[in-house]
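Input: a single structure, listed below in structure tokens.
Residue indices begin at 1 and follow the sequence shown.
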Amino acid sequence: MKPYIQHGSIDRIQHINSVSYMSYRLAKKLKLDFYRTARGALLHDLFYYDWHDPDPSHRLHGYFHPGFALKNARELSRKNQLELSLLEENIIQRHMFPLTVIPPKYKESILVCLVDKYVATKEMIICSSEKRSKKFFDEVERTVK
């Protein structure tokens, strides 16, 4: 997934790692299930195509990729003889709320949904005007740590 650009010049692995790490830190701070939160966040964008391509099958990507990611995460889990929890599945399937009409069920799912939006916004803004926004996002992230 490294060759796929996610936002601006940020590749998908960088994006997933940022979402997972920030979700983990916040979940730990909030006394939530930080292990499953981080695991669900690592799998939330597990799809194998460049959504920027004008391919007609990528239309409405924001609505459909959580389902693709969940399918891929289940396959990967079965292949490695691991089991996805209902919490992890909900994190993956509902991280695009409100595009996915059904809201997240768990606090951890809501957390990853919000962190994903924060990180995506940060990635797009920093890539378009790096110097102006870096200080702001550094300060926000210091408060999380």
Side-chain angles (χ1 to χ4, degrees), residues 1-130 133-134 136-138 140-141 143-145:
M1 293 192 330
K2 188 149 181 68
Y4 300 120
I5 296 300
Q6 189 72 0
H7 303 115
S9 61
I10 304 297
D11 68 52
R12 187 151 328 128
I13 295 296
Q14 290 171 310
H15 169 76
I16 288 170
N17 285 339
S18 295
V19 172
S20 183
Y21 181 70
M22 184 174 267
S23 296
Y24 163 81
R25 294 295 302 247
L26 285 168
K28 200 166 187 178
K29 201 174 234 189
L30 296 169
K31 298 185 180 0
L32 299 175
D33 186 339
F34 57 86
Y35 176 79
R36 286 189 176 83
T37 300
R39 223 177 106 156
L42 279 172
L43 299 168
H44 84 279
D45 277 339
L46 186 61
F47 54 92
Y48 305 112
Y49 60 88
D50 183 352
W51 64 274
H52 301 92
D53 284 347
D55 184 317
S57 68
H58 301 163
R59 292 187 60 208
L60 302 176
H61 162 79
Y63 296 93
F64 295 120
H65 84 271
F68 300 148
L70 181 57
K71 178 180 173 278
N72 293 334
R74 284 175 175 158
E75 287 174 10
L76 190 63
S77 295
R78 271 192 295 275
K79 184 178 177 181
N80 292 297
Q81 299 178 343
L82 300 170
E83 199 169 313
L84 283 178
S85 69
L86 293 175
L87 171 60
E88 291 161 341
E89 287 193 358
N90 192 259
I91 287 170
I92 298 163
Q93 196 167 33
R94 303 293 174 219
H95 79 274
M96 287 301 290
F97 180 78
L99 288 181
T100 54
V101 184
I102 301 169
K105 183 176 182 179
Y106 305 99
K107 291 176 185 175
E108 292 87 347
S109 305
I110 295 167
L111 177 69
V112 173
C113 181
L114 294 172
V115 168
D116 183 44
K117 286 162 181 45
Y118 169 80
V119 169
T121 301
K122 175 185 172 184
E123 290 167 351
M124 289 185 289
I125 290 171
I126 283 182
C127 289
S128 65
S129 61
E130 194 162 327
S133 58
K134 185 164 177 22
F136 169 77
F137 286 110
D138 286 346
V140 171
E141 288 183 7
T143 63
V144 171
K145 293 177 182 177

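Residue-environment remark: CD1 (I102) stays at or below the threshold of 12 foreign heavy atoms within 6.0 Å. Counting non-hydrogen atoms of other residues, nucleotides and ligands closer than 6.0 Å to NZ of K117 gives a total above 12.
Two residues are said to be in side-chain contact when any heavy atoms from C-beta on lie closer than 4.5 Å; R36 and E108 fail this criterion.
Scanning for side-chain hydrogen bond (donor to acceptor under 3.5 Å, both in side chains) contacts around E89 gives R74, with sequence neighbours left out. When the side chain to side chain contact (heavy atoms under 4.5 Å, CB included) test is applied to I110, the partners found at least two apart in sequence or on another chain are P104, L114. Residues passing the side-chain hydrogen bond (donor to acceptor under 3.5 Å, both in side chains) test with K29, sequence neighbours excluded: none. Checked against salt bridge (Lys or Arg N to Asp or Glu O under 4.0 Å), K107 has no partners two or more places apart in sequence or in another chain. By the salt bridge (Lys or Arg N to Asp or Glu O under 4.0 Å) test, R39 is found to be paired with E88, residues two or more places apart in sequence or in another chain being considered.
Here the CG atom belonging to D33 is positioned 7.0 Å from the OG atom belonging to S85, to the nearest 0.5 angstrom. Once rounded to the nearest 0.5 Å, the distance linking CD1 of I91 with SG of C113 reads 11.0 Å. Residue L82 holds its CG atom at 8.0 Å from CG of L76, rounded to the nearest 0.5 Å. Atom CG of L99 is separated from atom NE2 of H65 by 9.0 Å, given to the nearest 0.5 angstrom. From S77, atom OG reaches atom CG of L84 across 3.5 Å, with rounding to the nearest 0.5 Å.
Scanning both residues, N90 and S109, for their nearest heavy atoms gives OD1-OG, 2.7 Å. Taking each heavy atom of G40 and I92 in turn, the nearest pair found is O-CG1, 3.7 Å. Of all the heavy atoms in I16 and A41, the pair that sits closest is CG2-O, 3.9 Å.
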| request: Please lay out, stage by stage, how H44 and H15 fare under the test side chain to side chain contact (heavy atoms under 4.5 Å, CB included). | output: CA-CA 10 Å; H44 84 279; H15 169 76; 3.4 Å; yes
| field | Test log, rule salt bridge (Lys or Arg N to Asp or Glu O under 4.0 Å), inputs K79 and E75 | value | CA-CA 6 Å; K79 184 178 177 181; E75 287 174 10; over 6 Å; no
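Test D45, T100, L70 against H95 for side chain to side chain contact (heavy atoms under 4.5 Å, CB included) and you get one pass: D45.
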Scan the side chains in residues 19-26 for donor-acceptor partners under 3.5 Å anywhere in the protein, sequence neighbours excluded, and list what turns up.
from	atom 1	to	atom 2	distance (Å)
S20	OG	A38	O	2.9
Y21	OH	R25	NH1	2.7
S23	OG	V19	O	2.7
Y24	OH	K28	NZ	3.2
R25	NH2	K145	O	3.3

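Under a 3.5 Å cut-off, the side chain of N72 and the backbone N or O of F68 do form a donor-acceptor pair.
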